[in-house]
Amino acid sequence: MPYESRLLEQEVQQTCELKLRERRRLALNESRHIVFLKSGLGSLPTGFTSLDAGRPWLWYWCLNGIDLLPGTSSIIANHGTTLIESLRQCQHPDGGFCGGPGQLPHIACAYAAILAACVCGQEAAFTCIDRRNLYSWLLRLKQPDGSFVIHEGGEADARSCYLALACAALLDLLTPEITRGCKLWLSSCQRRIDGGFGGTRGAEAHAGLSYCTLAALCLLEEPKAALSAVDLKALTRWLVHRQTHLGGLSGRSNKLVDGCYSWWAGAEFAIVGNVLRQTSSDGWEDEHIDLLDRKALERYILLCCQNGAHGGLVDKPGKRPDYYHTCYVLLGLSCLRYAYEHRLEHGHPSVAQAFRWTASAITNGEDDQANSQDYPTCFDVRPSHPLFGVRIDKVNAMRAWFAAQEGIHHH
């Protein structure tokens, strides 16, 4: 008798294959997705009230998902005052941010809060962040081996290291005290057996944790140098196997497809592809190299991940939409619609190289035009920064603002 997981896999495959056979012009239902995301910015629907313990994440998922869609700037601006007050309530007096008032500070909540402020883009959102206290708190999370714990007394893994470095990068706090030992510790998380990255040395490879590792390395220096200590061929082999025959991406070997990996793995494709295009050895050099079947992934997202009745996006057919998947699937579409390039700027500090990414829209080729009834032409998303998951222009604006402020000198 087949295992329950095997039966579930067969059911998912049959459902997806049926949807993927549809022959129609594909479109993203932006208006319904915006309505769904706005529902997370006020009083929560009954099924989502448990998320109130993670308020910064709600703000980030919902505002960022809206901000990726065109014509939504007024929605973001109208929620600025409420967001800033919520961030103030979640900021801990000893540094960092909490999931809600009265909780302990947690690096994941600090990351979400800072990204939400970045999406907001208002100077008032930047000034409400206690940068000096947050820096001192980050130093308390820093471990002698180069890693960071997720909260004081908590565990350390690739996720917490990325989250800490991302917070520091956006606030212009990537000092030697913060970055010391990070590259060596992160590189040690690669698995020799398959090439992916786990949360710690020897742990199972996972697309989300691999993203955290790659992005964290690229926050420290330009991508080619950052990945110099990585077995790039093994990583590339592991990464391309994340795309399933359904077109969607999975997070681990022998696991089901999930829409959120359109971002976690999709951004990895952007980072790794950029490095491969710059690498001349072993026959990798090819300006047209593309490791991902973009058309197949777009079809999976637009046919299998949209909730047509109420808006929102899901990980696979049959699931209920949620704010997490809606945000990250939209980010995945952003990865698909743009070619990302890092432009090395000589003479600038290594930690400033994270803000040298550009995006150019990918246009349909002749073959795609000939099959336009299948090709998704009826949607638009804005380019997101592959290291942060927020629009590139807003990431650069936030970092520039903090870089212009008084420096932090820790004693």
Side-chain angles (χ1 to χ4, degrees), residues 162 166 169 183 186-187 190 194-197 205 207 210-243 247 249 261-298 331-368 381-393 395-396:
Y162 161 68
K183 183 176 181 179
L186 288 161
S187 300
Q190 186 172 28
D194 55 20
F197 288 87
S210 290
Y211 168 79
C212 288
T213 305
L214 290 181
L217 287 169
C218 293
L219 290 170
L220 299 171
E221 53 189 343
E222 59 91 10
K224 188 176 179 181
L227 272 58
S228 61
V230 169
D231 185 340
L232 193 58
K233 292 184 74 172
L235 172 62
T236 303
R237 182 171 56 249
W238 178 83
L239 185 58
V240 296
H241 280 92
R242 301 283 60 76
Q243 188 159 32
L249 302 171
Y261 294 113
S262 304
W263 166 250
W264 299 121
E268 288 180 74
F269 279 107
I271 295 168
V272 171
N274 183 271
V275 174
L276 292 179
R277 285 191 292 273
Q278 299 177 41
T279 305
S280 59
S281 62
D282 299 321
W284 282 117
E285 189 172 20
D286 181 356
E287 64 178 338
H288 301 298
I289 192 169
D290 201 342
L291 305 171
L292 181 66
D293 187 337
R294 295 171 185 266
K295 187 173 179 181
L297 181 52
E298 282 188 341
L331 280 169
L333 283 175
S334 180
C335 281
L336 292 174
R337 282 310 225 183
Y338 295 91
Y340 290 88
E341 180 183 358
H342 181 273
R343 296 181 177 176
L344 178 62
E345 186 164 342
H346 296 285
H348 282 242
S350 294
V351 294
Q353 297 297 337
F355 303 93
R356 299 292 303 165
W357 287 87
T358 62
S360 55
I362 295 175
T363 57
N364 297 353
E366 292 182 5
D367 291 341
D368 295 327
V381 287
R382 290 163 165 165
S384 58
H385 195 297
L387 306 186
F388 297 100
V390 174
R391 282 171 43 186
I392 291 177
D393 58 328
V395 165
N396 292 341

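- For the pair R337/I362, no side-chain contact is recorded, criterion being any heavy-atom separation below 4.5 Å from C-beta on.
- Taking each heavy atom of A354 and H385 in turn, the nearest pair found is O-NE2, 2.8 Å.
- Note: D293 CG to E298 CD = 10.0 Å, rounded to the nearest 0.5 Å.
- The main-chain N or O of T236 is never found under 3.5 Å from a side-chain atom of H241 such that the two would form a donor-acceptor pair.
- Here the CD atom belonging to Q353 is positioned 4.5 Å from the NE2 atom belonging to H342, to the nearest 0.5 angstrom.
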Legend entry - Check against ring-ring contact (aromatic ring centres under 6.0 Å, His included), W238 and F197: CA-CA 10 Å; W238 178 83; F197 288 87; 8.3 Å; no

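- Residues E222 and L344 have side chains in contact (heavy-atom distance under 4.5 Å, counting atoms from C-beta outward).
- For the atom pair CG (L232) and CZ (R237), the distance works out to 11.0 Å, reported to the nearest 0.5 Å.
- Looking at K183 and E221, a side-chain N of the basic residue comes within less than 4.0 Å of a carboxylate O on the acidic one, giving a salt bridge.
- The shortest distance between side-chain heavy atoms of L214 and P223 does not fall below 4.5 Å.
- Here the rule is side-chain contact (heavy atoms from CB on, under 4.5 Å) with F269, and of L249, L336, L297 only L249 fits it.
- In plain terms, the two heavy atoms of E268 and A207 that are nearest each other are OE2-O, 2.8 Å.
- Using a distance-only test at 3.5 Å, with no hydrogens or angles considered, no donor-acceptor pair links the side chain of Y211 to the main chain of G266.
- Between L217 and S187, the closest side-chain pair of non-hydrogen atoms falls below 4.5 Å.
- At a cut-off of 3.5 Å, with distance as the only test, a side-chain donor of S334 or Y340 sits close to an acceptor on the other residue.
- The shortest heavy-atom contact between G389 and S384 is C-CB, 4.4 Å.
- Looking only at distances, no side-chain donor or acceptor of R343 sits under 3.5 Å from a matching main-chain atom of R356.
- No side-chain heavy atom of S360 sits under 4.5 Å from any side-chain heavy atom of E341.
- The minimum heavy-atom distance linking C218 with L227 is given by the pair SG-CD1, 3.9 Å.
- Looking at S228, its side chain does come within 3.5 Å of a backbone N or O of A225 through a donor-acceptor pair.
- Residues L239 and L292 form no side-chain contact, since every pair of their non-hydrogen atoms from C-beta on lies 4.5 Å or further apart.
- One distance of note links CG of L333 with CH2 of W263; it measures 12.0 Å at 0.5 Å rounding.
- For the pair L387/I271, a side-chain contact is recorded, criterion being any heavy-atom separation below 4.5 Å from C-beta on.
- Ring pair Y162/F388: centre-to-centre distance not below 6.0 Å.
- The side-chain heavy atoms of I392 and T358, taken from C-beta on, include no pair separated by under 4.5 Å.
- Across all non-hydrogen atoms, the minimal contact from A169 to F355 is O-CZ, 3.5 Å.
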